[in-house]
2 protein chains.
Amino acid sequence: MAADWSNELRTKNLKATPNRVVVLETIAGNNAAMAYSKIQSDLSQLDRVTLYRTLNSLVDNGLIHKVLVEENEAFYATCSSNCSSEEHHHQHVHFRCTNCKEVTCVSSQPINQLEIPGYLVQNFEIQATGVCNLCL
Amino acid sequence: MAADWSNELRTKNLKATPNRVVVLETIAGNNAAMAYSKIQSDLSQLDRVTLYRTLNSLVDNGLIHKVLVEENEAFYATCSSNCSSEEHHHQHVHFRCTNCKEVTCVSSQPINQLEIPGYLVQNFEIQATGVCNLCL
DNA sequence: TATTAAATGCAACATTGTTGCATTTAATAT
DNA sequence: ATATTAAATGCAACAATGTTGCATTTAATA
């Protein structure tokens, strides 16, 4: 996606600090969603609290999204362009491969809208597990 | 669901200890999926490590399932009868209400199977956010 | 270049995850 | 009813992550 993270940050009214840019570059440079522990070890020079606050503000402002899988650890991936501070729209499936353990955002939109009678569905996401294309 | 948790436990080859029964009763007695912190405070007499191991083993053996929402905390709910140690099958949506903050398992099956070209999908679940029937 | 709101780094503490080990207990055989 | 045994428990201890406050630094702007 966006190579110029500084501009992306300013578009979201966030200061384009070196820390934020390197966090975005790190996550975007990962082929799959990136585990929190890997982000932290790859950026071990970065203060832990700063990373914590940076990730939160990037999620809050629609630049990255947080993927929760069955295990405990959170994964992060950069957002497509239609996310904002108000809402994250992900027309993809969060797929966790039981073989290689990678978590990838698969661009497949089998459902465009989820209807639940009596409920107002504002957002939804699908998490799938199985074997990914590379491991098959 | 099952009122006789002792038998349910033995069916899954787990010893029917008082601790496990009270954990199951507590979670089942909650109208919605129960936040970990609430489970712990409701069962504060229970050793924290025992609760941790109990929850894990109940999840592993298909008696409860773990629901992860966008926030950090895990929620737990009892399983329907078709779960096992091999696989959790949940023909429902995990719905988090942005108003009352409750996480409920909504029995709606808008999709029976998820197809992703090139991938083997073994299991999937849907997490939705919005406004629940009680808050509308 | 000066101003200022935001971001950072550090200390400190809270919560939850995790393992090892000695003790207790549920299930089973006798 | 009792003995046996594998599993469960409770406790200590430590690791990882979440979270806040505050003084200092810095990016954006005037």
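Throughout, protein chains are lettered first and strands after them, A, B, ... in sequence-line order, and every chain is numbered starting at 1. From a predicted model like this one, the values you see are computed outputs, not experimental measurements.
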| request: Return the nucleotide paired to D/dA28: Watson-Crick means purine N1 to pyrimidine N3 with N6-O4 or O6-N4, wobble means G-U with N1-O2 and O6-N3, both under 3.5 Å. | output: C/dT3
| note | Expected list for residues 40-50 of chain B near DNA chain C, using heavy atoms below 4.0 Å, is B/Gln40, B/Arg48, B/Val49
| task | Would you mind reporting whether B/Thr50 and B/Arg53 have side-chain heavy atoms less than 4.5 Å apart? | result | no
| task | Calculate the interatomic distance between B/Lys15 atom NZ and C/dT28 atom P; express it in whole Å. | result | 9 Å
| query | Heavy atoms, side chains only, cut-off 4.5 Å: are B/Val23 and B/Leu46 in contact? | reply | yes
| Position toward the 5' end of DNA chain C (nearest nucleotide), B/Ser37 or B/Thr17 | B/Ser37
| query | Base, sugar-phosphate, or nothing for B/Arg10, non-hydrogen atoms under 4.0 angstrom? | reply | sugar-phosphate
| message | Donor-acceptor pair, distance only, cut-off 3.5 Å: does the side chain of A/Glu125 make one with the backbone of B/Ala128? | response | no
| task | For B/Thr54, answer base if it contacts any base atom (sugar-phosphate contacts may also be present), sugar-phosphate if it contacts only those atoms, and nothing otherwise; contact means non-hydrogen atoms under 4.0 Å. | result | sugar-phosphate
| message | With heavy atoms of chain B within less than 4.0 Å as the criterion, where does contact along DNA chain D begin and end? | response | D/dA6 to D/dT19
| Checking all strands, does B/Arg20 fall into the base, sugar-phosphate, or nothing category for heavy-atom contacts under 4.0 angstrom? | sugar-phosphate
| said: In terms of relative ring orientation, are B/His94 and B/His65 parallel, tilted or perpendicular, with 30° and 60° separating the classes? | reply: parallel
| query | So, A/Tyr36 versus A/Phe75, ring centres under 6.0 angstrom or not? | reply | no
| said: Check whether B/Thr104 reaches the backbone of B/Ala32 with its side chain - one donor and one acceptor, N or O, closer than 3.5 Å. | reply: no
| query | Tell me, do A/Val93 and B/Leu114 make a side-chain contact under 4.5 Å, heavy atoms counted? | reply | yes
| request: Spell out, as yes or no, whether a donor-acceptor pair under 3.5 Å connects the side chain of B/Arg96 to the backbone of B/Lys101. | output: no
| With distance as the sole test, does A/Asp47 use its side chain to make a donor-acceptor pair with the main-chain N or O of A/Val49 at under 3.5 Å? | yes
| query | When the distance from CG of B/Asn56 to P of C/dT16 is rounded to whole Å, what number comes out? | reply | 14 Å
| query | Is any side-chain nitrogen or oxygen of B/Tyr52 closer than 4.0 Å to OP1 or OP2 of C/dT16? | reply | no
| query | So which nucleotide does D/dA1 pair with, by the Watson-Crick or G-U wobble rule with both distances under 3.5 Å? | reply | C/dT30
| message | For C/dT15, give the paired nucleotide (Watson-Crick: N1-N3 plus N6-O4 or O6-N4; G-U: N1-O2 and O6-N3; both under 3.5 Å), or none. | response | D/dA16
